[in-house]
Peer 1: 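To start, I am sharing the structure in question, which I have written as structure tokens.
For the numbers below, each heavy atom of this structure counts, side chains included, while hydrogens, waters and symmetry mates do not. Naming convention: chains lettered A, B, ... in sequence-line order (proteins, then strands); numbering from 1 in each chain.
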Protein chains: 2
Amino acid sequence: MSGTAGAGLEAALARAEAACLARGAQLTELRRQVLRLVLASPQAIGAYALLDQLRAERPGAAPPTVYRALDFLLEQGLVHKVERLNAFIGCVGPEAHAHCGHGHDHPHQFLICSKCGATAEVCDDRVAAAVAEAARAAGFAPSRTTVEVEGLCAACAGSARQ
Amino acid sequence: MSGTAGAGLEAALARAEAACLARGAQLTELRRQVLRLVLASPQAIGAYALLDQLRAERPGAAPPTVYRALDFLLEQGLVHKVERLNAFIGCVGPEAHAHCGHGHDHPHQFLICSKCGATAEVCDDRVAAAVAEAARAAGFAPSRTTVEVEGLCAACAGSARQ
DNA sequence: GCGCCGGGCGATATAATGTAACGCCGCACG
DNA sequence: CGTGCGGCGTTACATTATATCGCCCGGCGC
């Protein structure tokens with residue numbers, strides 16, 4: 001369900017490069033490698049799984065190596081963290097959201113399948129609006145919002161009698 | 001902001017007891033102790049902080065001690081986990097929500113103040129509905145939902161220039 | 001009574017996730 | 001040059017969570 005296939009991956013990396021360039025941020029080789037791994041993963045991937053894969057290209061890699069790269073990618077909105085899974089997932093692409101009027105810090109929600117583990121990112125403005133309004137009603141000034149829904153994805157719900 | 005004060009704490013424990021009884025679950029002494037500590041905390045509290053406090057009454061306590069109790073309390077809906085903080089917070093009370101038509105697995109959202117750390121639980125049906133609808137639109141069958149908003153609470157936003 | 005069984009828990013060990021701190025290196029800038 | 005700063009290697013450590021084994025105790029059937 002997730003995971004950016006083949007050529008799409010290269011395109012996504014190119015877009016990421018451009019986005020960073022436009023903002024004066026440097027997508028270094030290490031960061032690009034980590035981003036590639038995250039994007040290539042069909043599911044949300046943990047930092048240490050990422051680390052294992054990274055070591056194929058970069059034998060000396062240690063936890064800080066991958067966490068620093070992830071921090072950068074998170075700041076740039078190129079990946080998101082799925083809190084419920086303590087795992088990371090590539091963002092569909094900030095510019096993919098540009099068309100709906102959002103910047104690189106766009107609102108997003110996750111749908112996490114408890115059966116197959118697939119995690120889909122959706123971008124529903126009504127959810128974002130409802131959350132923002134509920135917060136304001138409580139006198140709260142929101143900065144960042146996490147919405148994660150666990151359940152059964154269409155494929156799993158359809159293909160299985162439980 | 002959070003934290004069930006004095007007499008309210010005892011009342012909440014009594015209600016928890018009754019809720020468990022009604023469902024055939026046993027609120028043992030250990031579980032009651034842990035619940036009391038969670039409810040008494042003014043903020044969301046980590047498992048290990050809980051463990052430290054628990055050891056005052058129960059010197060031999062170890063991580064599994066507190067995690068097992070927390071698992072039970074989570075299942076019973078007596079506490080919630082705040083994923084962004086890896087911490088736990090007492091539920092306002094399932095029956096406090098009974099009046100708005102929800103069971104012990106009621107929808108809820110958290111407002112987490114980045115300045116003072118206070119975490120407030122709110123229960124907004126419009127948010128829940130928007131999330132449920134967005135999920136259904138994607139062919140997704142939701143079971144459990146996490147909504148956590150980080151930002152500035154009314155007190156911190158009001159009292160501070162920054 | 002006696003034995004069995006299951007839940008709750010003590011206790012030890014270990015896994016998984018995340019950070020702090022130090023220092024090197026390369027590069028831009030004066 | 002020298003100076004500063006960002007990126008990264010490296011070591012050590014902190015924090016969060018789980019696996020496993022085994023005891024005890026209470027209920028239940030015989």
Peer 1: Whole angstroms only, please: what is the CG-P distance between B:Asp52 and D:dT16?
Peer 2: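 B:Asp52 atom CG is separated from D:dT16 atom P by 11 Å.
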
Peer 1: Please list, chain by chain and in numerical order, all residues satisfying side-chain contact (heavy atoms from CB on, under 4.5 Å) with B:Ala132, sequence neighbours excluded.
Peer 2: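 For B:Ala132, no residue satisfies side-chain contact (heavy atoms from CB on, under 4.5 Å) once neighbours in sequence are set aside.
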
Peer 1: A:Arg144: what forms a side-chain contact (heavy atoms from CB on, under 4.5 Å) with it, not counting sequence neighbours?
Peer 2: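 By the side-chain contact (heavy atoms from CB on, under 4.5 Å) rule, A:Arg144 matches B:Arg84, B:Glu150.
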
Peer 1: Please encode protein proximity along nucleotides 25-30 of chain C as a string of B, S and -, counting only heavy-atom distances under 4.0 Å.
Peer 2: ------

Peer 1: Run the side-chain contact (heavy atoms from CB on, under 4.5 Å) test against B:Ala128 and tell me which residues pass, sequence neighbours left out.
Peer 2: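 Only B:Pro107 meet the side-chain contact (heavy atoms from CB on, under 4.5 Å) criterion with B:Ala128.
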
Peer 1: Scan residues 48-67 of chain A for pairs that pass salt bridge (Lys or Arg N to Asp or Glu O under 4.0 Å), counting only residues two or more places apart or in two chains.
Peer 2: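 Every pair satisfying salt bridge (Lys or Arg N to Asp or Glu O under 4.0 Å) with a residue in residues 48-67 of chain A: there are none.
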
Peer 1: Grab the CG-P distance between A:Leu70 and D:dC8 for me, whole Å please.
Peer 2: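 It works out to 12 Å between those atoms.
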
Peer 1: Within residues 53-61 of chain A, find the residues that approach DNA chain D with a heavy atom at under 4.0 Å, and present them sorted by residue number.
Peer 2: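 Close to the strand are A:Arg58, A:Gly60.
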
Peer 1: Filter on salt bridge (Lys or Arg N to Asp or Glu O under 4.0 Å), then keep only pairs touching residues 126-136 of chain B, sequence neighbours left out; what's left?
Peer 2: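 The answer is A:Arg126-B:Glu133, A:Glu133-B:Arg126.
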
Peer 1: Between the protein and nucleotides 17-21 of chain C, list the N/O to N/O atom pairs that are separated by less than 3.5 angstrom.
Peer 2:
residue : atom : partner : partner atom : Å
C:dG18  : OP1  : A:Lys81 : NZ           : 2.6
C:dG18  : OP2  : A:Tyr67 : OH           : 2.9
C:dG18  : O5'  : A:Tyr67 : OH           : 3.3
C:dG18  : N7   : A:Tyr48 : OH           : 2.4
C:dG18  : O6   : A:Tyr48 : OH           : 3.4

Peer 1: Please enumerate all residues that pass side-chain contact (heavy atoms from CB on, under 4.5 Å) together with B:Ala25, with sequence neighbours excluded.
Peer 2: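 B:Cys20, B:Phe72, B:Gln76.
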
Peer 1: List the atom pairs, donor and acceptor, that lie under 3.5 Å between side-chain atoms in residues 64-71 of chain A and the rest of the protein, sequence neighbours left out.
Peer 2:
residue : atom : partner : partner atom : Å
A:Thr65 : OG1  : A:Ala62 : N            : 3.0
A:Thr65 : OG1  : A:Ala62 : O            : 3.1

Peer 1: Listing request: all ring-ring contact (aromatic ring centres under 6.0 Å, His included) pairs with a residue in residues 109-157 of chain A, at least two apart in sequence or in separate chains.
Peer 2: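 Counting only pairs at least two positions apart or across chains, the ring-ring contact (aromatic ring centres under 6.0 Å, His included) contacts touching residues 109-157 of chain A are A:His80-A:Phe110, A:His108-A:Phe110.
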
